[in-house]
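A quick write-up on the structure given underneath.
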Amino acid sequence: MRHLISILLENETGALSRVVGLFSQRGYNIETLTVAPTENPHMSRMTISTIGDDIDLEQIKKQIHKLINVNTVSTLEDGKAEGTLELELIFIKVKANSNILRDSIKRIADIFDAKIVDVSSESYTVCLSAGRNKINRLLKAVSEQAEILETVRSGVVAISRGSKALGHK
């Protein structure tokens, strides 16, 4: 089962490496990882998606909370639209060296509300910010029409809906 873990930690050297090291030591895989400073420049928010059962998740959360520099650890409700807002960003660079390919890529981008953010005589770069299912569908549609030269995904960023906020009671 896929889980989203949100961590508020001090923006200090080595804090990220300690969290990642804990996953490695315990034999857990990190599917995606995003980290950035919060509204407080002394704190960072880390969002990790991982695969495991509920028992594994509880163990991970307890171990992370014991780490130095960690302020708050929370689980976000993966896949439950009423509980969590979740997005990824993807760039897809595709071969677009003919009018037929360009038209096809443009049509697919329009269908998915994606943007073509770079154009050259040989390629287009498509950008989309969406949930992972929509991104996966876009990738499939593009790969059926054109050769994908390169992809870059940001990993999940997520936040709970409503007034509940990480680190605030």
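Along the sequence shown, the residues carry numbers beginning at 1. What you are looking at is a predicted structure, and each value in this text was computed from that prediction instead of being measured.
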query = Is the shortest heavy-atom distance from the side chain of L139 to the side chain of R153 under 4.5 Å?
reply = yes
ask   = Can you find a pair of side-chain heavy atoms, one from Q145 and one from L101, that are under 4.5 Å apart?
value = no
inquiry  = Using the side-chain contact (heavy atoms from CB on, under 4.5 Å) definition, which of the options L149, N97, I105 pairs with Y124?
reply    = I105
task = Share the residues that join V157 in a hydrophobic cluster, the rule being Ile, Leu, Val, Met, Phe, Trp or Tyr side chains under 4.5 Å apart at the heavy-atom level.
result = L87
ask   = Of the non-hydrogen atoms in L76 and R45, which two are nearest, and what is the gap between them?
value = CD1-NH2, 4.2 Å
query = So if you build clusters from Ile, Leu, Val, Met, Phe, Trp, Tyr with side-chain heavy-atom gaps below 4.5 Å, do V152 and V94 land together?
reply = no
task = List the steps, then state whether salt bridge (charged side-chain N to carboxylate O under 4.0 Å, His left out) holds for E58 with K62.
result = CA-CA 6 Å; E58 283 307 311; K62 286 177 185 174; 5.5 Å; no
In one Ile/Leu/Val/Met/Phe/Trp/Tyr side-chain cluster, 4.5 Å: I135, V142 = yes
message = Test question: given the 4.5 Å side-chain rule for I, L, V, M, F, W and Y, name all other residues clustered with I51, or answer none.
response = none
query = Going by heavy atoms in the side chains, are R26 and Q59 under 4.5 Å from each other?
reply = no
task = Indicate whether the side chain of S49 and that of T32 have a donor and an acceptor atom separated by less than 3.5 Å.
result = yes
key: Other cluster members, Y28 - Ile/Leu/Val/Met/Phe/Trp/Tyr, side-chain contacts below 4.5 Å   = I5, I7, L9, L16, V19, V20, L22, F23, I30, L33, V35, M46, I48, L57, I60, I64, L67, V70, V73
ask   = For F112, does its backbone N or O pair with a side-chain atom of K134 as donor and acceptor, under 3.5 Å?
value = yes
request  = Report whether I148 and F91 are members of the same hydrophobic cluster (ILVMFWY, side-chain heavy atoms less than 4.5 Å apart, transitive linking).
outcome  = no
ask   = Are the side chains of P41 and N11 in touch, meaning some heavy atoms are under 4.5 Å apart?
value = no
ask   = In the single-linkage hydrophobic clustering (I, L, V, M, F, W, Y; side-chain heavy atoms under 4.5 Å), do I116 and I111 co-cluster?
value = yes
request  = Check the pair K61, H3 against side chain to side chain contact (heavy atoms under 4.5 Å, CB included), reporting the backbone distance first and the verdict last.
outcome  = CA-CA 11 Å; K61 282 174 51 181; H3 297 282; over 6 Å; no
inquiry  = I'd like to know whether K106 forms a salt bridge (charged side-chain N to carboxylate O under 4.0 Å, His left out) with D110, so could you lay out the CA-CA distance, the side-chain angles of the two residues, the decisive distance to 0.1 Å, and finally the verdict.
reply    = CA-CA 6 Å; K106 174 70 172 121; D110 288 345; 2.9 Å; yes
request  = Check L8, L166, L4 against S74 for a side-chain contact (heavy atoms from CB on, under 4.5 Å) and give me the one that passes.
outcome  = L166
